Amino acid sequence: MITVKNVSKEFVSNKKYPGFKGAIKGLFSNEKVSKVAVDNISFHINKGEIVGYIGSNGAGKSTTIKMMTGILTPTNGECLVNGVNPSKQRKINAQNIGVVFGQRTQLWWDLPLSESFTILKEIYNISDQAYQESMTFLNKILDLYSFFDRPVRTLSLGQRMRADLGAALLHNPKVLYLDEPTIGLDLVVKDNIRKAIKEINEKYQTTVILTTHDIEDIEELCSRIIVIDNGKKIYDGSLEKLKDTYGTKRKVSMEIKQLNAFEGIELSETLGVTPDLCSTRLDVEKNTLEVTFDKNKLQVPQVINAVMSIADVQDIQIQETELAEIVKAIYQHNVAK
Amino acid sequence: MNKTLKIYKPFAMNELKRQMAYKASFYLFLVISLFSSFISYFLWMAIYGSTDANTLGGLSQNEMVIYIFMVYVTSSIVTISISEWVSEDVVKGSVAMNLIKPIDYRMSLISRAIGTMIYQFMVPSILVWIGLEVYKVTVLGMDLTHLSNIILYLLSSVMSFLIFVLFDFCFGMIAFFTTYIFGMLMVKDALISFLAGQLIPLSFFPEGIQRIFDFLPFSSMIYTPVMIYLGKYQGSELIFVLSRQVVWVILLYILGDLIWRKVTKRLVVLGG
């Protein structure tokens, strides 16, 4: 469905100098600075997949999306969406795709929502029957009719986002790009949006590409994720595999009365492993001991036994490493590539 | 053709509705711009009053009255600044929203401009125009403008509109390179009011400079239709000025196409 082949995007801009003197210097200098936003990325996405495209701010996610939608032309390489090169045949490509940019709207700000939909109907050349069908379905999952007659500028963010999603789906696109669709929304609306995306994907086999900073979005929706950092692709695969590969750390926190018993004791020595596989942290205020260890090398009972041999344990909590922490680690370059 | 019309008609209708939604600002603008027409009216009357000559720059005092107010009528339907919309789209980054739809950006802008044109034609222009004709007959004691002149004027105005918006589209493309074009918009407005004959009829300029104006698209924007309305062009000269307008429409259309292709190659979308 989507093939991205060795795509790079480089932005060239005039060099800016700091301060007022710099501003004047900038007027006369012709120095250019180039920034590589996307660096030689390739991937292939099949029909009906929901792919999470994640990376820190400025990693190049939106730039990639913009190249796949035909807004930007790649400096090198090419994209093919449904057999069409988006930057060369932008209008043909646009018929096949739906796009939601969470931070802006494609609706007509001053007009009632219903007008925006009528305009989109004409733009995408949708027949009356198909329009009715789409609207019935979209109203069912997004509840659009409850604010259909209100000008877009008066809608709340949650309503606007639902309306935007509806607008992107009206022409039943084969590919749906969602650039941070849940940004700034409350939990209930987030949940509704996710359900809607899921339903559309199931009903029409729509391919969905989703960028987000919300880990729950990914956990609930995506079967596959692509991680990019500094414009380079650093991971491409299933969510489980990512957790397996990077989420090897486990955390056990235990409530202990005599916390001072642990002072000066290295738990890794007690367990007979090297210190990098097992680390401890004492929280005097809460009376807890936190042990982080490698789940491939140590078992939970082993750790608990070792602790109990030193002091009495009152309560135990075992935590699986959350995706959020993996992603955080990736963003901070802590994970070996 | 029919399909194109169907796609772009909503943009025009939309703009019409939008204009009506912001009525107060529109009427304020209308009053202010009519104000400047009255200022130039009194200024010219003073100039004609202090000279013994019957005509200045080929226009009699009465013709000058018609000239001033027809410039108002014409510029309110011709000078619809789409470059402002382009600059707004670039600054807000909403140009991306236009590019994700299967539409031509320039066509959508021109359609919006048509919506604005229709509204401005119906509300201030036609009223001022009728008022002017009534004034002409009752106060100045002249005949009503001949129907053939009115038809030719309307035809020429439509081409003026196209020349203006096609030129303004090319101009607006600067926004993609510099992001902010407010200053340049001011310069453009000032230049056009001068070069298109909004301030002073072009016939007031020396021969040599008039020849230069002939080679610029600006004279075709406002001066040409107004002079046609005044019946200053006859026969072959009339055909010449009309075909010059057609040539400008074609040239600016091609130029805009070329620039747009260049721009989309190096487009930078701001924000997000």
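Computed over heavy atoms, backbone and side chain alike; hydrogens, waters and symmetry mates excluded. Note that this is a predicted model, so its numbers are computed, not measured.
For chain B, no part of A:Ile65 is nearby; none of its heavy atoms comes within less than 4.5 Å. Both the backbone and the side chain of A:Gln95 come within less than 4.5 Å of a heavy atom of chain B. Only the side chain of A:Asn125 comes within less than 4.5 Å of a heavy atom in chain B; its backbone stays farther off.
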Validation: residues 95-102 of chain B side-chain donor-acceptor distances under 3.5 Å, sequence neighbours left out:
unit_1: B:Asn98; atom_1: ND2; unit_2: B:Ser94; atom_2: O; d: 3.4
unit_1: B:Lys101; atom_1: NZ; unit_2: A:Gln106; atom_2: O; d: 3.4
unit_1: B:Lys101; atom_1: NZ; unit_2: B:Met97; atom_2: O; d: 3.4

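In this structure, the side-chain contact (heavy atoms from CB on, under 4.5 Å) partners of A:Lys47, at least two apart in sequence or on a different chain, are A:Met1, A:Gln205, A:Thr207. By the side-chain hydrogen bond (donor to acceptor under 3.5 Å, both in side chains) test, A:Gln132 pairs with no residue at all, sequence neighbours left out.
Note that the CD1 atom of B:Ile7 and the CD1 atom of A:Ile119 stand 13.0 Å from one another [nearest 0.5 Å]. In this structure, B:Thr264 OG1 and A:Ile71 CD1 are separated by 12.0 Å, a value rounded to the nearest 0.5 Å. Summarising the geometry, atom OH belonging to B:Tyr105 is positioned 10.5 Å from atom CZ belonging to A:Arg90; distances are rounded to the nearest 0.5 Å.
Top candidate by heavy-atom pairs under 4.5 Å with chain B, chosen from A:Thr105, A:Ile97, A:Thr75, is A:Thr105.
Around atom CE of A:Met135, more than 12 heavy atoms belonging to other residues, nucleotides or ligands sit under 6.0 Å away. Within a 6.0 Å sphere centred on OH of B:Tyr253, other residues, nucleotides and ligands contribute 12 heavy atoms or fewer.
Within residues 159-171 of chain B, no residue has any heavy atom under 4.5 Å from a heavy atom of chain A.
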> Which is it for B:Phe11 and A:Ile123 under the side-chain contact (heavy atoms from CB on, under 4.5 Å) test, yes or no, and what are the steps along the way?
Replying inline: CA-CA 10 Å; B:Phe11 286 92; A:Ile123 289 175; 3.7 Å; yes
>> One pair to check against side-chain contact (heavy atoms from CB on, under 4.5 Å): B:Lys17 and A:Leu111. What are the steps and the verdict?
In response: CA-CA 8 Å; B:Lys17 285 175 199 152; A:Leu111 297 180; 4.1 Å; yes
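Looking at B:Lys9 and A:Glu122, no side-chain N of the basic residue comes within less than 4.0 Å of a carboxylate O on the acidic one, giving no salt bridge.
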